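Below: the structure, in structure tokens.
Hydrogens, waters and symmetry mates play no part in the numbers below; they use all other heavy atoms, side chains included. Both counts, for ligands and for their atoms, begin at 1 and track the order of listing. The structure presented is a predicted model; accordingly, all values stated were derived computationally and were not measured.
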Amino acid sequence: MRPLMRRLFTIALVGNPNSGKSSLFNALTGLNQRVGNFPGVTVDKKTGQTAISEKLKANVLDLPGTYSLYPKSADEQVSCEVLLNRNASDLPDLIVVIVDAANLKRNLLFCSQIMDLKIPVVIGLTMMDIAREKGITIDTTGLQRLMGVPVIPINPRAGKGINQLKKAIDEVAANPAQPRQYFTELPVLSTAWLQEIQEITEQISAYAAFHIACSYTSLQHLNAAQRIRIGALLGEAAFHRSRLQAEEIILRYRRIDTILQQCVVTESPMKKALFSERVDRTLLHPLWGNLILLVVLFLLFQSIFWLAQYPMNWIETLFAWLGEQLGSLLPGGYLSDFLINGLLAGLGGIAVFVPQIMILFGLITILEDSGYMARISFLTDRIMRSAGLNGRSVMPLISGMACAVPAVMAARTIQNRKERIITILVTPLMSCSARLPVYTMLIGLVIPDKNLWIFNLQGLVLMGLYLMGFVMALLVAKVMDLVIKSRERNYFLMELPVYRAPRWKNVGVTMIEKGKIFIRDVGKVIIILSLILWALAAFGPPGRMKAVEDKYAAMTATGNTEGLRAEDLQRQMATEKLENSFAGIMGHAIEPFIAPIGYDWKIGIALVTSFAAREVFVGTMATLYSVGDAEADTKTLTQKMREAKRKDGSPVYTLATGLSLLVFYAFAMQCMSTLAIVKRETRSWVMPAIQFLYMGVLAYAGAYIMYILFR
Ligand SMILES: Nc1nc2c(ncn2[C@@H]2O[C@H](COP(=O)(O)OP(=O)(O)OP(=O)(O)O)[C@@H](O)[C@H]2O)c(=O)[nH]1
Ligand SMILES: [Mg+2]
């Protein structure tokens with residue numbers, strides 16, 4: 001039964017992966033759904049609104065790409081569910097099938113299946129420019145006549161043909177009569193048992209019922225009673241799924257072949273080597289290809305440092321200046337201490353890293369948009385295979401360099417369940433953008449800014465950390481591969497997209513978007529945390545704080561200052577007060593646990609706060625090193641940390657402590673959002689728990705080894 005409250009007219013965008021659905025979605029709705037040049041960018045459905053005509057407003061559904069209506073992976077499942085669930089609130093009234101003109105035959109196969117669901121269809125023909133380049137000429141009017149539905153050439157990337165498409169949608173919506181016959185008449189469609197399945201699942205098409213029969217065990221929307229009945233019917237009918245499916249594909253291709261013969265002309269395919277094919281001869285070459293890959297990755301990390309250097313300096317200077325101004329404007333006291341040393345210090349500590357985050361995302365977007373990302377999958381398939389994964393796992397791993405949350409979702413495109421779980425479990429070992437601020441700060445603190453031949457040492461260490469994460473991900477995957485048993489076969493099949501120039505607007509929008517999200521999300525946490533931290537660090541058990549104050553008051557009064565100057569005395573008192581504050585007491589409580597890996601109590605507190613999110617480490621440090629510091633405003637955080645001393649007078653941030661911390665942050669699972677998404681994607685608490693534990697053990701052990709080695 002359709003819901004009684006009639007909702008907006010719903011249009012679903014359906015088609016093969018990487019055919020331009022999300023580009024069209026963005027063009028129609030003005031939204032900014034992620035677009036990338038490789039199959040499997042969209043892994044979940046997304047809704048937006050558009051005005052088709054003056055009268056017709058519509059909901060538009062962007063769906064994950066699918067090769068056929070037989071779902072093989074979790075992302076395809078999402079699309080099939082939308083198309084086969086008659087009771088869903090987002091059941092489409094009309095489907096725009098996006099057909100990639102450069103791969104017409106395969107795309108039309110899927111299109112013909114969709115048409116047989118008997119939901120009105122309009123075909124949007126994309127990639128006509130690429131087809132032309134390949135020497136393919138398509139008679140679109142002929143195609144429209146032979147397919148029996150409107151065929152509209154569009155280029156959503158360039159925003160062309162959108163109005164014509166809207167006009168066609170409007171006409172079909174006004175007159176939704178669909179051809180009575182099926183595109184392909186399958187004998188099975190007239191059987192009595194299939195008709196019964198059609199009835200109990202309320203389908204308007206027997207062909208849709210056939211799909212339910214094929215996939216009923218995995219379709220989420222069916223209830224238990226329906227499943228049992230379907231199972232019984234299929235048993236009686238001696239239903240032979242793969243034979244019927246094979247028969248279907250042969251019949252469909254037979255009809256599509258005759259259609260293509262009539263309306264497509266292809267120049268001799270040997271004559272024209274596509275630009276992409278020529279480039280791939282080098283970029284996928286076993287030797288050159290891998291070397292170029294290394295250079296590309298290397299440049300990526302070096303440029304994060306090179307390019308971000310200048311804006312980072314400006315931001316740092318700006319916040320130091322702001323602190324100074326506020327310091328001279330505000331009267332002393334708790335409020336101004338909180339504003340300057342709590343809030344401003346926390347925000348400034350983190351704002352510095354916005355340029356790096358933006359550059360990282362910008363560069364990754366360029367890799368994705370150009371089509372090179374898909375080549376990375378191809379090139380690394382061998383290594384991945386040795387770890388028990390396959391080339392498909394690379395995409396989540398590489399996206400993991402930006403953020404583990406979308407990366408874990410990207411694992412939906414992996415068909416093999418065991419490989420998908422392993423990929424999800426190891427993805428957070430990839431160094432994400434939240435680690436970048438921590439890495440940069442610590443590297444700046446303990447690694448000298450020197451050049452090794454032509455390489456910058458700090459850039460090299462940064463790249464080393466990313467590599468370490470990747471290698472560890474492979475090692476853990478290998479171990480899990482040996483532990484988890486599975487009989488599913490493992491193969492890697494991926495279409496390589498053609499190379500395209502990155503859309504610079506997309507790159508720019510992504511950078512600004514990610515910068516904003518970073519400031520907003522981290523900003524919120526920092527404001528709250530810095531308030532709490534400042535209070536914990538500024539106050540303590542009254543007795544103990546008073547004792548410290550009295551001690552120093554007495555020293556000043558008696559003139560017995562152990563030869564210290566007044567300001568040194570002041571600083572010493574501030575330190576002692578901090579140690580006796582609530583934060584100090586808490587930090588000291590965890591100290592026994594973290595002392596073996598080289599951390600003092602301030603780092604301990606930062607470790608605790610970074611369980612909210614890793615980048616909070618920096619903000620916490622900034623607050624802890626500023627509280628009670630009279631001259632906070634004039635020094636940068638790095639300077640203050642460099643001067644930090646242990647009880648015995650040795651510096652806190654030695655090479656050993658720095659490296660130990662770097663390794664800890666590289667391996668530890670300090671991200672609530674990732675744990676939440678892993679729970680959602682694996683539908684169990686077991687996986688996030690395993691992940692949290694094994695990563696914790698790795699982090700502590702790794703940090704310990706580093707500290708011992710370099711002490
Ligand atoms: N040359 C050309 N490129 C296009 C056209 N339409 C889209 N593109 C590009 O094709 C790539 C894929 O576009 P998307 O919109 O992400 O494709 P999708 O169908 O949503 O892909 P999935 O989400 O992976 O299923 C992007 O690089 C687009 O810029 C077109 O008509 N011509
Ligand atoms: Mg998409």
Strictly by modelled atom types, are Tyr70 and Glu248 linked by a side-chain donor-acceptor pair under 3.5 Å? yes
So, Tyr499 versus Asp280: side-chain donor-acceptor pair below 3.5 Å or not? yes
When you compare ligand 1 with [X], is there at least one nitrogen or oxygen pair between them that comes in under 3.5 angstrom?
| X | answer |
| --- | --- |
| Arg34 | no |
| Pro64 | no |
| Pro156 | no |
| Gly36 | yes |
| Thr126 | no |

Establish, for the pair Lys105 and Tyr253, whether the NZ or CZ atom is under 6.0 angstrom from the six-membered ring centre and no further than 45 degrees off its axis. yes
A cation-pi test, strictly: NZ or CZ of Arg252 under 6.0 Å from the centre of the six-membered ring of Phe183 and no more than 45 degrees from its axis. Yes or no? no
Only residue of Leu31, Asp62, Leu13 satisfying side chain to side chain contact (heavy atoms under 4.5 Å, CB included) with Ser22 is Asp62
Contact atoms of ligand 1, heavy-atom distance to [X] under 4.0 Å:
| X | answer |
| --- | --- |
| Gly65 | 25 (O) |
| Gly40 | 24 (O) |
| Pro17 | 25 (O) |
| Arg503 | 29 (O) |
| Arg500 | 1 (N), 2 (C), 3 (N), 4 (C), 9 (C), 10 (O), 11 (C), 27 (O) |
| Thr42 | 20 (O), 22 (P), 23 (O), 24 (O) |

With a 4.0 Å heavy-atom cut-off (strictly under), which part of [X] contacts ligand 1: side chain, backbone, both or neither?
| X | value |
| --- | --- |
| Met128 | neither |
| Ile130 | side chain |
| Pro39 | backbone |

Residue Ser22, metal the Mg ion (ligand 2), N/O/S under 2.8 Å: yes
Can you tell me if an N/O/S atom from Gln33 lies under 2.8 Å from the Mg ion (ligand 2)? no
As a check for students: among [options], identify the option with a heavy atom nearest to [atom].
| atom | options | result |
| --- | --- | --- |
| atom 13 (O) of ligand 1 | Ala101, Pro497, Ser23 | Ser23 |
| atom 11 (C) of ligand 1 | Val43, Asn18, Asp100, Leu125 | Asn18 |
| atom 1 (N) of ligand 1 | Thr413, Asn37, Asp129 | Asp129 |

Working to the nearest 0.5 angstrom, can you tell me the gap between Arg375 CZ and Leu496 CG? 4.5 Å
Should the ring pair Phe210 and Tyr207 be called parallel, tilted or perpendicular, given that the plane angle runs from 0 to 90° and is split at 30 and 60? tilted
Check for a donor-acceptor pair, side chain of Glu76 on one end and backbone N or O of Tyr67 on the other, with a separation under 3.5 Å. yes
Look only at the side chain of Ser215 and the backbone of Ser218, and say whether a donor-acceptor pair between them is shorter than 3.5 Å. no
So, does Phe38 sit close enough to ligand 1 that a heavy atom of it is under 4.0 Å from the ligand? yes
